Amino acid sequence: MTSDLTVAIHAAVYLAHKNAPQSSDELAANICTHPVRVRKLMAALCRAGIAVSQEGSEGGYRLNQDPHQITLRQIAEALHVALIESKWQSGDPEMTCLVASGMAKEMDKIYHQLNEQCLESLNRLTLWDLLQNLFASQPHNIIMKKKEEQSHENIR
């Protein structure tokens with residue numbers, strides 16, 4: 001599994017929590033990574049319709065869907081990452097030995113099946129689930145109130 005998935009999920013959870021547009025600098029500071037990396041991953045989430053980008057002084061990234069509806073599988077698929085893979089394969093398909101020539105293909109099948117099982121597991125988890133886990137001791141702070149909602153409360 002690549003760290004890109006971790007960064008993208010972290011960014012999406014933070015956006016859900018903040019409930020307001022966040023710049024790549026703000027996201028990067030919370031994730032502890034570089035803003036360029038955040039922009040690259042957020043671009044993929046925007047292409048998938050999970051997030052949107054707004055320009056201007058009040059701009060930044062925000063979620064385009066309710067955190068109850070966004071699964072971790074959607075985020076993984078938006079990034080086009082393989083969760084289980086091998087960068088190296090044993091054997092050589094040109095060899096006459098069936099083990100040497102066929103093992104890489106057999107292992108690819110196993111990695112594909114494992115990847116599908118991981119995606120099925122990620123499909124059962126939403127951003128909301130992660131927020132609930134993170135804020136179990138403070139459920140009232142899961143989603144921050146927007147500025148205008150806070151100012152209306154101050155008037156009341």
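Keep in mind that this is a model prediction, so the values were computed, not measured.
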Self-check item: Nearest-0.5 Å distance, OG of residue S3 to CD1 of residue I31
Solution: 11.0 Å

Exercise. Kindly give the heavy-atom pair with the smallest separation between L119 and A76, and that separation in Å.
Key: CD2-CB, 4.1 Å

Practice problem: I would like to know whether N123 and Q74 meet side chain to side chain donor-acceptor pair (under 3.5 Å); could you show each step before the answer? | Solution: CA-CA 7 Å; N123 200 46; Q74 288 173 296; over 6 Å; no

Exercise. Return yes if some donor-acceptor pair links the side-chain N/O of E26 with the main-chain N/O of S23 below 3.5 Å, else return no.
Key: yes

Exercise. Check the pair R124 / D129 against salt bridge (Lys or Arg N to Asp or Glu O under 4.0 Å), numbers first and verdict last.
Key: CA-CA 9 Å; R124 292 188 292 271; D129 296 327; over 6 Å; no

Quiz item: How long is the span from the NE2 atom in H34 to the CG atom in D25, to the nearest 0.5 Å?
Solution: 9.0 Å

Quiz item: Q54 and R62: side chain to side chain donor-acceptor pair (under 3.5 Å), yes or no, with the steps?
Solution: CA-CA 8 Å; Q54 297 174 201; R62 67 175 174 77; 2.5 Å; yes

Exercise. Check S53 against C46 and note the closest heavy-atom contact, atom names and distance.
Key: N-SG, 3.9 Å

Practice problem: Compare every heavy atom of S90 with every heavy atom of A104, then report the nearest pair and how far apart it is. | Solution: CB-O, 3.9 Å

Quiz item: Hey, any chance I84 and M107 share a hydrophobic cluster, counting ILVMFWY side chains that come within less than 4.5 Å of each other, even indirectly?
Solution: yes

Quiz prompt | Interatomic spacing from CD in Q22 to CE in M42 - rounded to 0.5 Å | solution = 10.0 Å

Exercise. State, to 0.1 Å, how close G59 and P21 come at their nearest heavy-atom pair, and which atoms those are.
Key: O-CB, 3.7 Å

Quiz prompt | L15 and H10, any side-chain heavy atoms less than 4.5 Å apart | solution = no

Quiz prompt | Neighbour count above 12 (heavy atom, 6.0 Å) for E55 CD | solution = no

Quiz prompt | Sidechain N-carboxylate O distance under 4.0 Å for E77, R73 | solution = yes

Exercise. Find out whether L122 and T71 are in side-chain contact, i.e. whether some heavy atom of one side chain is under 4.5 Å from a heavy atom of the other.
Key: no

Self-check item: Spacing of CD1 belonging to I9 relative to CG belonging to L45, to within rounding of 0.5 Å
Solution: 9.5 Å

Exercise. Provide the closest heavy-atom pair for A48 versus A78 in the form atom of the first, atom of the second, distance.
Key: CB-CB, 3.5 Å

Self-check item: For N115, side chain to side chain donor-acceptor pair (under 3.5 Å) partners two or more places apart
Solution: none

Practice problem: Kindly indicate whether the side chain of I70, heavy atoms from C-beta on, has any atom under 4.5 Å from the side chain of I75. | Solution: yes

Exercise. Determine, stepwise, if the pair N64 / I50 fulfils side chain to side chain contact (heavy atoms under 4.5 Å, CB included).
Key: CA-CA 5 Å; N64 196 35; I50 294 168; over 6 Å; no

Quiz prompt | Approximate separation, where rounding is to 0.5 Å, of L114 CG and L83 CG | solution = 10.5 Å

Practice problem: Check whether any side-chain heavy atom of R39 lies under 4.5 Å from a side-chain heavy atom of Y61, and answer yes or no. | Solution: yes

Self-check item: Check: E85 side chain, Y111 main-chain N or O, donor-acceptor pair, under 3.5 Å
Solution: no

Practice problem: Could you tell me whether the side chain of H17 and the main chain of I142 form a donor-acceptor pair under 3.5 Å? | Solution: yes

Self-check item: N19 side chain vs I143 backbone, donor-acceptor pair below 3.5 Å
Solution: no

Practice problem: Compute the ring centroids of H140 and F135, then answer whether they are less than 6.0 Å apart. | Solution: no

Exercise. Ignoring hydrogens and angles, state whether a donor on the side chain of Q89 or D108 is under 3.5 Å from an acceptor on the partner side chain.
Key: yes

Quiz item: Are T126 and L131 close enough that some pair of their side-chain heavy atoms sits under 4.5 Å apart?
Solution: no

Quiz item: Mind checking whether V52 and L27 sit in one hydrophobic cluster, side chains of I, L, V, M, F, W, Y counted as touching below 4.5 Å?
Solution: no

Quiz item: So do L63 and L127 actually touch side chain to side chain, heavy atoms under 4.5 Å?
Solution: yes

Quiz prompt | For K109, the option from Q113, E106, H112 that meets side-chain hydrogen bond (donor to acceptor under 3.5 Å, both in side chains) | solution = E106

Quiz prompt | Closest heavy-atom pair and its distance - V7, L41 | solution = CG1-CD1, 3.4 Å

